[in-house]
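Here is the structure we will look at.
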Amino acid sequence: MAFELAPLPYAHNALEPYIDKATMEIHHGKHHAAYTNNLNNAIKGTEWESKTIEEILANVGKISTAVRNNAGGYYNHNLFWSIMKPNGGGAPQGELAKAIDTTFGSFEKFKEEFSTAAATRFGSGWAWLCVTANHSLCVCSSANQDNPLMDVSECKGTPILGIDVWEHAYYLHYQNRRPDYITAFWNVINWEEVSRRFTATKK
Ligand code: MN
C-alpha cells in the first residue's frame, strides 16, 4: 500500500490571517505531496513498502537518506496539519495542562522554551513538544525532516506538537521574520488534538 496525501482537514484560507492561503496551497499541495510521492518511490519494491510509517521512522538510519528525508516529510506534515485549526490557540486543558506546568513551571514558560527552540533551529527543521519513554514532556528541535521517532534522532520521544520552521512554511507572508510566524502559530494550535495525542502515548 502506497502512502497517500490526505486532504487538508480545513480550507486553505482557514488559518488566515496567521498562515496565508497561498502558503497553505503550496505547502500541502506541492511540498507535502512531493514528500509523499518521493517516499513511495524510495520504498517501492523493498521490504519497507508493507510497513507502517512509524516502523519506517524507527529504522531510517538503516534504510537510506531518501527514505529518512521523505518519510520524515510525510509524517511531520500530517502531524502539523492535525495540530492546527481555525480559531485555535488559547491554552491546553486537563492532564496536558498539568503535565506542562509540572515540567516547565507554567504554560508561559513552556511557550518561551518551545518558541526559542523554533527560533534558534539553524536552517530548515522543526521544533517539537515530545512525550519521552518515561512519560515526561520535553522540548527539542531537529534538522531537515528528522523527528524524534527516528532511530537517528538525538532527541527521542513521541512528538505531540510540532512547528515547521522551513522557509517554505512562512516566507511568502513573513519573509525572513521567522519569530513573527512563531508568534502567530500560537493562535492556530488545536490543543484538543495535542491533548488527544498526549493521552494516546499513555496507552
Ligand atoms: Mn513543510
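Just so you know, ligand 1 is whichever comes first in the structure, and atom 1 is the first atom listed for that ligand. Just so you know, these numbers come straight off a predicted model, no measurement behind them. When reading the values below, keep in mind they use all heavy atoms of this one structure, side chains included, and skip hydrogens, waters and symmetry mates.
By the criterion of a separation under 2.8 Å, the protein N/O/S atoms near the Mn ion (ligand 1) amount to His27 NE2, His77 NE2, Asp164 OD2, His168 NE2.
Checked against Asn76 for a side chain to side chain donor-acceptor pair (under 3.5 Å), the options Asn147, Asn144, Asp164 give a single hit: Asn147.
Between Glu25 and Lys30 there is no salt bridge, since none of the side-chain N atoms of the basic residue sits less than 4.0 Å from a carboxylate O of the acidic one.
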Test ring-ring contact (aromatic ring centres under 6.0 Å, His included) applied to Phe198 and Trp191, step by step: CA-CA 10 Å; Phe198 176 65; Trp191 284 112; over 10 Å; no

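With a 6.0 Å radius and a threshold of 12 heavy atoms from other residues, nucleotides or ligands, Lys156 has its NZ atom above the threshold.
Linking ILVMFWY side-chain heavy atoms closer than 4.5 Å, directly or via other members, places Tyr18 and Phe114 in a single hydrophobic cluster.
Within the structure, the salt bridge (charged side-chain N to carboxylate O under 4.0 Å, His left out) test picks out the following pairs touching residues 57-82 (sequence neighbours left out): Arg68-Asp146.
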